[in-house]
Amino acid sequence: AQVATHVDIVNWLTIVYNVTVDNSSPKAFIQSTIAYCLKHQIPLICVEGVAYQHTLVFWFEETCRNLGISGLQIQAVMPDDKKNTRIGNMFKAVYKGEILIHKNCFSLVLNQAKKFDSTVKNNLDDILDTIAYIAQVMNKYKNLIFKPLSLAGFTREDTTGNLDFEETSC
């Protein structure tokens with residue numbers, strides 16, 4: 001399966017808004033991901049830069065070119081650590097509140113997290129791995145994904161108390 005994870009920064013909070021697990025063809029996945037990005041004004045798509053996944057950078061760019069879409073950045077992200085280490089670090093970041101998981105995708109993330117075993121290499125962890133790349137993407141591309149509160153669907157009044165994610169547009 002192919003996984004697309006919508007991550008945003010709102011008021012300096014890193015939030016995983018949505019996770020899509022897609023079993024369609026790579027072409028259909030690329031098209032639906034681009035459509036989602038346009039709908040939600042997401043300016044950056046990061047693709048794992050290893051093996052088959054790295055070819056997706058070319059196909060995302062080619063599809064954007066063929067559709068006349070400009071301004072959508074497509075970047076490869078190379079692993080800077082072993083997958084289980086990345087995922088372990090992601091769990092720590094979630095625990096510390098450095099990464100928030102929106103209720104839209106919380107059950108998908110929790111389902112994989114409960115089954116994850118750091119002592120084995122063949123986990124079903126595609127969702128967790130996309131979230132585990134957040135720190136790396138933030139370090140390298142933060143300027144491309146930051147949105148002021150007004151663009152993220154919040155008003156100044158929303159920031160005075162607890163954030164109610166049900167009122168966001170995502």
Side-chain angles (χ1 to χ4, degrees), residues 1-22 26 29-65 67 69-102 104-106 108-109 112-113 116 118 121 123 125-154 163 165 168 170:
Q2 302 156 121
V3 177
T5 303
H6 172 181
V7 177
D8 214 341
I9 304 169
V10 178
N11 203 22
W12 300 107
L13 297 173
T14 302
I15 304 168
V16 177
Y17 275 114
N18 191 42
V19 173
T20 302
V21 179
D22 189 324
F29 172 73
I30 288 166
Q31 291 171 339
S32 66
T33 301
I34 290 171
Y36 183 93
C37 289
L38 294 174
K39 178 180 178 182
H40 294 280
Q41 300 177 357
I42 298 169
L44 174 67
I45 295 174
C46 288
V47 176
E48 187 173 31
V50 296
Y52 153 78
Q53 295 93 319
H54 193 269
T55 66
L56 291 174
V57 172
F58 170 83
W59 292 112
F60 271 109
E61 290 174 342
E62 181 75 6
T63 302
C64 285
R65 217 174 359 264
L67 295 172
I69 297 169
S70 62
L72 185 57
Q73 298 288 318
I74 315 297
Q75 300 292 333
V77 180
M78 303 301 291
D80 64 356
D81 219 334
K82 293 181 180 180
K83 185 192 293 191
N84 285 0
T85 302
R86 276 195 316 271
I87 291 172
N89 290 336
M90 178 271 299
F91 285 142
K92 291 175 190 173
V94 170
Y95 180 76
K96 292 179 192 174
E98 295 168 358
I99 298 173
L100 305 176
I101 310 295
H102 192 283
N104 290 339
C105 54
F106 185 80
L108 286 172
V109 175
Q112 276 198 1
F116 182 78
S118 64
K121 291 185 179 181
N123 289 289
D125 55 19
D126 47 0
I127 294 170
L128 301 177
D129 198 27
T130 62
I131 298 169
Y133 273 107
I134 290 174
Q136 210 174 325
V137 170
M138 293 290 290
N139 285 334
K140 197 165 183 180
Y141 302 113
K142 191 176 203 170
N143 62 319
L144 295 177
I145 61 174
F146 177 76
K147 284 185 183 178
L149 288 175
S150 60
L151 293 179
F154 290 102
L163 297 178
F165 291 115
T168 65
C170 299

Verdict with reasoning, Thr14 to Met138, per side chain to side chain contact (heavy atoms under 4.5 Å, CB included): CA-CA 9 Å; Thr14 302; Met138 293 290 290; 3.6 Å; yes
Plane angle bin for Phe60 and Phe29 - parallel if under 30°, tilted between 30 and 60°, otherwise perpendicular: perpendicular
Heavy-atom closest pair, residues Val77 and Tyr141: CG2-CE1, 4.4 Å
Residue pair Trp59 / Ile74, side-chain heavy-atom distance below 4.5 Å: no
Polar side-chain atom of Gln136 near backbone of Met78 as donor-acceptor pair, under 3.5 Å: yes
Side-chain heavy-atom pair Ile34, Cys64 within 4.5 angstrom cut-off: yes
Side-chain donor-acceptor contact under 3.5 Å, Asp126 with Gln112: yes
Contact summary for Gly49 and Ala76, nearest pair of heavy atoms: CA-CB, 4.1 Å
Val94 and its side chain to side chain contact (heavy atoms under 4.5 Å, CB included) partner, picked from Lys92, Met90, Glu98: Met90
Close side-chain approach of Gln75 and Leu44, heavy atoms under 4.5 Å: yes
Gap between atom CG of Asp8 and atom CG of Asn18 - 0.5 Å precision: 12.0 Å
Donor-acceptor contact present, side-chain Arg86 to main-chain Asp81, <3.5 Å: yes
Side chain proximity check, Leu128 to Phe91, heavy atoms < 4.5 angstrom: yes
Tyr36 and His6 aromatic ring geometry - parallel, tilted or perpendicular at 30°/60° bounds: perpendicular
Neighbour count above 12 (heavy atom, 6.0 Å) for Tyr95 OH: no
Atom pair OG1/CG of Thr33 and Leu38 - distance to nearest 0.5 Å: 11.0 Å
Working for side chain to side chain contact (heavy atoms under 4.5 Å, CB included), residues Leu56 and Ile30: CA-CA 8 Å; Leu56 291 174; Ile30 288 166; 3.8 Å; yes
Minimum heavy-atom distance between Ile131 and Thr5, given as atom pair plus value: CG1-CG2, 4.2 Å
Heavy-atom check, side chain of Val19 versus side chain of Thr130, under 4.5 Å: no
Intermediate values then yes/no, side chain to side chain contact (heavy atoms under 4.5 Å, CB included), Asn84 and Asn123: CA-CA 9 Å; Asn84 285 0; Asn123 289 289; 4.0 Å; yes
Main-chain N/O of Gln2 paired to Asp22 side chain as donor or acceptor, under 3.5 Å: no
Side-chain heavy atoms of His54 within contact of Val50, under 4.5 Å: no
Side chain proximity check, Leu72 to Ile45, heavy atoms < 4.5 angstrom: yes
Atom pair CG (Leu100) and CD1 (Ile15), whose distance is rounded to the nearest 0.5 Å: 5.5 Å
Backbone of Ile42 reached by a side-chain donor or acceptor of His40 within 3.5 Å: no
Reported CD-to-CG distance for the pair Glu62 and Leu67, which is rounded to 0.5 angstrom: 10.0 Å
Closest approach of Ile101 to Phe106 (non-hydrogen atoms, all atoms of both residues): CG2-CA, 3.7 Å
Side chain to side chain contact (heavy atoms under 4.5 Å, CB included) between Val3 and Thr20, intermediate numbers included: CA-CA 6 Å; Val3 177; Thr20 302; over 6 Å; no
